[in-house]
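Have a look at the structure below before the remarks.
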Amino acid sequence: MFNAFERAVAFRYLRARKGERFVSVIAIFSLVGIALGVATLIIVMSVMNGFRQELLGRILGLNGHLGVFSVDGRPLSDYDEITAAIRRVPGVTAANPIIEGQVLLTSEAGGAAGGLARGIKPEDLRAKGIIANNIRRGSLEEFAGDDVVVIGTGLANRMRITVGDRLSLVSPQGRATVFGTVPRVRAYRVIATFNVGMNEYDSSFVFMPMEAAQLYFQTGNAATQIEVFAQDPTRIRALNFEIRRALGQHPVRIVDWQDANSSFFNAVQVERNVMFLILTLIIIVAAFNIISSLIMLVKDKGRDIAILRTMGATRGNVLRIFLLCGASIGFAGTLIGFALGLAFCMNIEHIRQGLQALTGTELFSPEVYFLSQLPAVVDPNEVMQVVGMGLGLSLLATIYPSWRAARLDPVEALRNE
């Protein structure tokens with residue numbers, strides 16, 4: 001597209017001589033602006049992707065992709081039969097009956113906090129990788145009987161207890177006595193602590209064996225719900241239909257993860273789109289800098305353009321010379337931004353820890369952002385879109401100044417000199 005003559009002249013114009021430094025400085029700022037815009041866009045999009053993926057993995061890893069409840073809100077007395085029928089549905093990887101209830105947690109050390117107690121069969125908890133693979137202290141081998149619980153490390157720190165200590169659960173559903181309603185209180189021994197990396201769960205979840213939960217919540221031989229895990233969470237609507245068809249004789253209510261967490265994930269998606277639009281403005285501003293620098297370059301090189309035209313250079317040659325000047329700035333800036341963005345994403349957690357150590361402040365609080373680490377997931381399609389947008393805007397920014405240079409009348413330019 002560009003011959004040797006055009007390349008030689010274009011790169012000569014990009015190298016500033018004495019008295020031409022100002023144009024070169026503007027070109028450098030344009031390059032830096034595009035590089036920062038592309039890098040920032042790649043970093044922010046990757047962090048938003050990682051944030052969504054981590055939240056989705058942790059939320060669904062603990063709560064399941066589907067929840068099966070009774071229609072009237074009462075516990076499911078035939079939960080074993082329903083669970084067996086669900087497990088036979090193609091696409092279902094696991095189905096676990098559970099008992100769940102809100103409780104007040106207290107300890108002998110004086111700690112008190114609200115929490116969510118969840119009763120689950122010991123074999124089901126050991127098969128739940130997000131818990132079994134993240135045990136920090138203790139072991140799940142003793143998870144059986146009616147006197148043990150497993151809690152998160154955040155909750156253990158808040159209650160100032162550790163493995164072997166006792167944790168008291170206070171249920172708001174008390175028992176009736178001659179003196180009035182008395183809350184149910186029961187102390188359990190902590191046998192293990194887990195850390196799934198999500199502060200909300202590490203600070204509030206309490207797991208107990210199924211039989212212990214049935215005794216404590218007085219449900220009898222019943223479960224409050226059945227959590228279902230799907231092979232492909234994106235096809236949850238189709239799986240919902242298959243489970244309903246398999247449970248035709250059982251009147252149940254099914255809530256999938258998209259309905260249960262729709263507002264949360266919609267908010268994340270909206271924030272991601274808004275950030276994309278805002279950061280795109282950085283690249284657009286840098287593209288306008290290319291326009292201004294090229295216009296000044298054309299004005300400064302008016303005599304040179306006139307001489308080139310009188311020596312036989314065509315308007316097409318002049319157009320391509322200045323197109324190459326602007327495109328070189330945009331290409332170099334986009335390439336630098338691409339490399340900088342990928343390098344930042346690959347080392348984002350080390351950079352965060354370094355900045356925290358340098359400033360002495362917490363830059364990514366788990367209490368605010370739910371996650372204990374800053375995630376980044378690079379989507380190749382999004383990166384290519386950002387790079388393509390940077391190159392496209394840079395090329396568009398060079399069209400008008402190049403067209404003006406090609407339209408310059410050599411007679412008028414030399415007359416003014």
Side-chain angles (χ1 to χ4, degrees), residues 55-103 115-132 143 149-150 171-173 196 198 200-201 204-266:
L55 286 179
L56 191 63
R58 283 168 169 76
I59 290 175
L60 301 187
L62 275 180
N63 297 318
H65 303 136
L66 285 168
V68 180
F69 305 84
S70 64
V71 175
D72 55 8
R74 297 179 180 178
L76 297 165
S77 57
D78 53 349
Y79 65 89
D80 283 329
E81 181 182 352
I82 295 176
T83 302
I86 293 174
R87 287 172 176 169
R88 290 193 294 267
V89 175
V92 173
T93 59
N96 306 323
I98 62 174
I99 295 176
E100 193 172 83
Q102 296 285 342
V103 293
L116 185 69
R118 177 173 289 184
I120 185 172
K121 292 183 178 180
E123 60 272 19
D124 292 338
L125 183 64
R126 296 187 187 104
K128 194 185 288 287
I130 194 171
I131 297 295
F143 189 73
V149 292
V150 176
S171 173
Q173 299 175 349
V196 300
M198 190 167 179
E200 183 179 0
Y201 294 151
S204 61
F205 268 53
V206 176
F207 288 95
M208 59 174 55
M210 188 76 166
E211 58 179 303
Q214 289 174 339
L215 287 173
Y216 181 76
F217 290 106
Q218 298 180 354
T219 61
N221 188 23
T224 56
Q225 65 167 296
I226 299 172
E227 59 176 9
V228 181
F229 293 87
Q231 188 174 6
D232 185 4
T234 61
R235 298 185 64 254
I236 203 67
R237 302 293 187 186
L239 186 62
N240 190 330
F241 176 77
E242 293 296 328
I243 292 176
R244 288 186 183 277
R245 188 166 63 176
L247 300 178
Q249 72 276 17
H250 299 279
V252 295
R253 178 172 58 91
I254 301 178
V255 180
D256 60 51
W257 70 268
Q258 294 178 343
D259 293 332
N261 304 282
S262 60
S263 59
F264 182 79
F265 287 106
N266 287 340

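In this text, all values refer to a predicted model and were calculated from it rather than measured experimentally.
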Quick one: side chain to side chain contact (heavy atoms under 4.5 Å, CB included) partners of [X], sequence neighbours excluded?
X      : answer
Ala85  : Arg88, Leu247
Ser204 : none
Phe69  : Gln225, Arg253, Val255
Gln102 : Leu116

Worksheet item: How close do Glu100 and Thr224 get, heavy atom to heavy atom, and via which atoms?
Response: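 It is N-OG1, 3.1 Å.
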Item to complete: Work out which heavy atom in Ile131 is nearest to a heavy atom in Leu125; give both atom names and the distance.
Response: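 Looks like CG2-CD1, 3.9 Å.
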Worksheet item: Quick one: ring pair (Phe, Tyr, Trp, His ring centres under 6.0 Å) partners of Tyr79, sequence neighbours excluded?
Response: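 Ring pair (Phe, Tyr, Trp, His ring centres under 6.0 Å) check on Tyr79 returns nothing, list empty.
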Worksheet item: Is a side-chain donor or acceptor of Ser77 paired with a backbone partner of Asn221 at a separation under 3.5 angstrom?
Response: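 Absent.
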Worksheet entry | Under the salt bridge (charged side-chain N to carboxylate O under 4.0 Å, His left out) test, residues paired with Asp80 that sit two or more places apart |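 Lys121.
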Item to complete: Could I get the full list of salt bridge (charged side-chain N to carboxylate O under 4.0 Å, His left out) partners for Glu123, not counting sequence neighbours?
Response: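 Not a single residue meets the salt bridge (charged side-chain N to carboxylate O under 4.0 Å, His left out) criterion with Glu123.
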Test of understanding: with side-chain hydrogen bond (donor to acceptor under 3.5 Å, both in side chains), list the residues that count as partners of [X], not counting sequence neighbours.
X      : answer
Asp232 : Thr234
Arg87  : none
Asn240 : Arg244

Worksheet item: Quick one: which of Val68, Leu66, Asp124, Ile120 gives a side-chain contact (heavy atoms from CB on, under 4.5 Å) with Glu227?
Response: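 Among Val68, Leu66, Asp124, Ile120, the one that satisfies the side-chain contact (heavy atoms from CB on, under 4.5 Å) with Glu227 is Ile120.
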Worksheet item: Restricting to pairs with a member in residues 209-220, which pass salt bridge (Lys or Arg N to Asp or Glu O under 4.0 Å), not counting sequence neighbours?
Response: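 For residues 209-220, and leaving out neighbouring residues, there are no salt bridge (Lys or Arg N to Asp or Glu O under 4.0 Å) pairs at all.
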Discussion item. Please list all pairs meeting ring-ring contact (aromatic ring centres under 6.0 Å, His included) that have one or both residues in residues 223-243, counting only residues at least two apart or in different chains.
Written reply: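 Matches after skipping sequence neighbours: His65-Phe229.
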